[in-house]
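Written out below as structure tokens is the structure these notes cover.
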Amino acid sequence: MQKNLVIVESPAKAKTIGKFLGDDYEVLSSYGHIRDLKKKEFSIDVKNDFAPKYEIPAEKKELVSKLKTEAGKASTVWLASDEDREGEAISWHLYEVLKLKPENTKRIVFHEITKTAILNAIQHPRKIDTNLVDAQQARRILDRIVGFELSPILWRKVKPALSAGRVQSVAVRLVVDKEREIQAFKSESSYRVLATFIVPGENGKLVELKAELARRPKTKAEAEAFLESCKGATFTIADKVVKPVKRSPAPPFTTSTLQQEAARKLGFTVNRTMMVAQNLYESGLITYMRTDSVDLSSLALATCKRVIGEQMGEQYSHSRQFTTKTLGAQEAHEAIRPTNIGDASVSGSAQEKRLYDLIWKRTIASQMADAELEKTTVTIMSSHGDKFTVTGEVITFDGFIRVYRESYDDDNTQEEESGLLPPLEKNQILSHQNITATERFTQHPPRYTEASLVRKLEELGIGRPSTYAPIISTIQQRGYVDKDNKEGEKREATVLKLEKGEITGKVNTEMVGAEKSKLIPTDIGLVVNDFLNQYFPDILDYHFTAHVEKEFDEVAEGQKKWTEILKKFYGTFHPSVEATLAIKTEHKVGERILGNEPATGKVVSVKIGRFGPMIQVGSANDEEKPRFAQMPKGISMEAITMEEALEMFKLPRTLGEYEDKPVSVNIGRFGPYVRHGSLYASMPKEKDPMTITFDESVELILAKREAEAKRHIKSFDEDPDLAILNGRFGPYISYKGSNYKIPKGTVPEELDLAGCQKIIAEQGEKKKASPRRKATAKSAKKS
DNA sequence: CAGTGAGCGAGCTTCCGCTTGACTT
């Protein structure tokens, strides 16, 4: 049987290619890598030239055996994974694992999914590029060395289950450095002076013209003096310049720019964007969504030209091929674009429609003519020699703006621009209505959003399109970074106004610097970052990835051996790991001593404990056991004061005795509670554990006692494991640690043993909550 | 979401890049 087997990376791609190639070809997918370093072990034999130990992960076993059988039946096997370092390695692993033979194995590549591109690829097969494979192995092994040697140091020195790596640790560093930059930022104020003139407009009607003073007075006194000087001044138009300006469209989407624009325009998280894009891709509506290329296929260019011509006219069309400038880009795919550019909209969920619309517009706009504008700059001079300017912009040809305009992160810094200016002549004398001087403050740099952090990582060549979203998740999951809102600060700004020869002043209060959904480092993030930065500055260097990438490139080009690179790296890295582990310090990493507790003289300190940041009174060496408390919310380890720390030890408070047992209040994992013997009652939100009274606490205890009593509806002597209970969400059946819903219409009191067993059988044996699910439930509660 | 309220004593955790499922809640 004469048959060809083609193996690609993605099943959606396999489907499309299958249609192009016809019946002689069977097209299967490898679903990415089929083999990797062992999951749990270090898996690198350092002494033996860094020999890697690969394994086929359990979830890939079935797939691999299927590929093996099909390969055995085929006369020729075509390895068609992506044309980049990872793709080459995938082909090589396939070759090795499937035990393919050189005589009937061919390696082909294409970077657009069009019939011509694929048929052309079939015509030009090559061999597996072992240099490229070696470059991938060097990358993989270096990442494993860094991750698996650094992480255990953190477990020992900071907290278990933490992690470090070439990519994530630098991502955290970016967020930490930004935060420190903001802390160090000192806001300065100056006065923005605006003069409002009254001039005749187009149709003779009087209109306002606002012009800004070119310089900015630094102080209130200076601003006042300036307004004073304007009292008798005259104002004349000294100059008027009109010049044409062109704006060009942005290139089509890559993964990173799609994530940024979807965040700005649609409010999507990077994860959301990728999930929705994946759906569009699997439905065949867009090209591959993990790409670093801005390239469009010639077919796409031609379609854009036709669509733009038909819908808007020839003058709107302007074919462009953009070039990718991103550091380390591998360009194995096209840019992200609609597969059928003629379809301006698609069916699907609301989110899919919106994301598709964004992709369609961006693609079309990238092939449209420049926008043409006319920019007018008018200079106004006062008789005292002070210069004012006013600018106006008029669109003379909208071009690509008709379809799409890119958004920017810091909208507040953009000056408001006026559109069309009234007719103005040089030497025209203007009369002013008023002049205001408004105090303005410089703003600290904005914190990163998920998407702007991705942009920064991409700029530094760190991470790949397939990993941007996971990186953002990882640094949040590890508790290094929180996504949170930051409240603005209250500011008092002075406003001075000269009107009708009088200067008046007032003070406005304004909120400035508020930020939404920004990445903020946690205490753990700060401590881990400072620690790694101190002992492993090379790895934490923003340019570490760029440096090693350069070496990987040399391997790919056959100029260097991959083992040499690793030997050199390990030779300096591993000793610093050993040295760091050997360091014995008096204090824990990140520990801060606040002082001594006034009452006892014991040392009060803050540090990262087994369960996160905590406050400790006394030390382990003291006779008495130390006391512990959780860090209060919203206060950082770096900023907490002695008073704030001691406040946390005022709990548990014992309020008195009730029925011979003490009544106390405390804050637990699930918030404040009242305790009475073995009974715990959660405190409602409006109650404060510091101020709740004894009587209020007893009320809560009695209420809880009643709920407990009602909780038990029924139990059965035949099976003590089974009980019908009343929970927060109504009655349910509890059986051997699992809970089962009682179907609607069933009265719980009337259920008998057989009825219960039937329900349990119907809902099936439930697994106990996995640790992973527990962890997410916990973090959900925290936020 | 069906309860709970600790404090590093044992075992485990961890990297980065390819790619999609099959599970509930």
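Throughout, protein chains are lettered first and strands after them, A, B, ... in sequence-line order, and every chain is numbered starting at 1. The basis for the numbers below is simple: all heavy atoms, side chains too, and nothing from hydrogens, waters or symmetry mates.
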Which nucleotide in B:dG17, B:dG21, B:dC15 has an atom nearest any side-chain atom of A:Ser151: B:dC15
How would you label the contact of A:Pro152 with the nucleic acid (heavy atoms, under 4.0 Å): base, sugar-phosphate, or nothing? base
Under 4.0 Å between any heavy atoms, over every strand shown, what does A:Glu149 touch: base, sugar-phosphate, or nothing? Just pick one. nothing
Can you check the distance between B:dT25 and B:dA2, where both ends of the measurement are the P atom (answer in whole Å)? 11 Å
A:Ile608 CD1 to B:dA6 P, in whole Å, measures 20 Å
Distance-only donor-acceptor test (3.5 Å): side chain A:Arg464, base B:dC16: no
Rounded off to whole Å, could you give me the NZ-to-P distance for the A:Lys40 and B:dC15 pair? 11 Å
Using the P atom on both, measure B:dA22 against B:dC1 and round to a whole Å. 25 Å
Would you indicate what A:Gly463 reaches in the nucleic acid, counting non-hydrogen atoms under 4.0 angstrom: base, sugar-phosphate, or nothing? sugar-phosphate
Classify the side chain of A:Arg144 and the base of B:dC15 as holding, or not holding, a donor-acceptor pair under 3.5 Å. yes
Assign A:Arg35 to base, sugar-phosphate, or nothing according to its heavy-atom contacts below 4.0 angstrom with the strands shown. nothing
Roughly how many Å apart are B:dC23 and B:dC18, using the C1' atom of each and rounding to a whole number? 23 Å
Over all strands shown, is A:Tyr281 touching base, sugar-phosphate only, or nothing at heavy-atom distances under 4.0 angstrom? sugar-phosphate
For A:Gly165, which contact category applies under a 4.0 Å heavy-atom criterion: base, sugar-phosphate, or nothing? sugar-phosphate
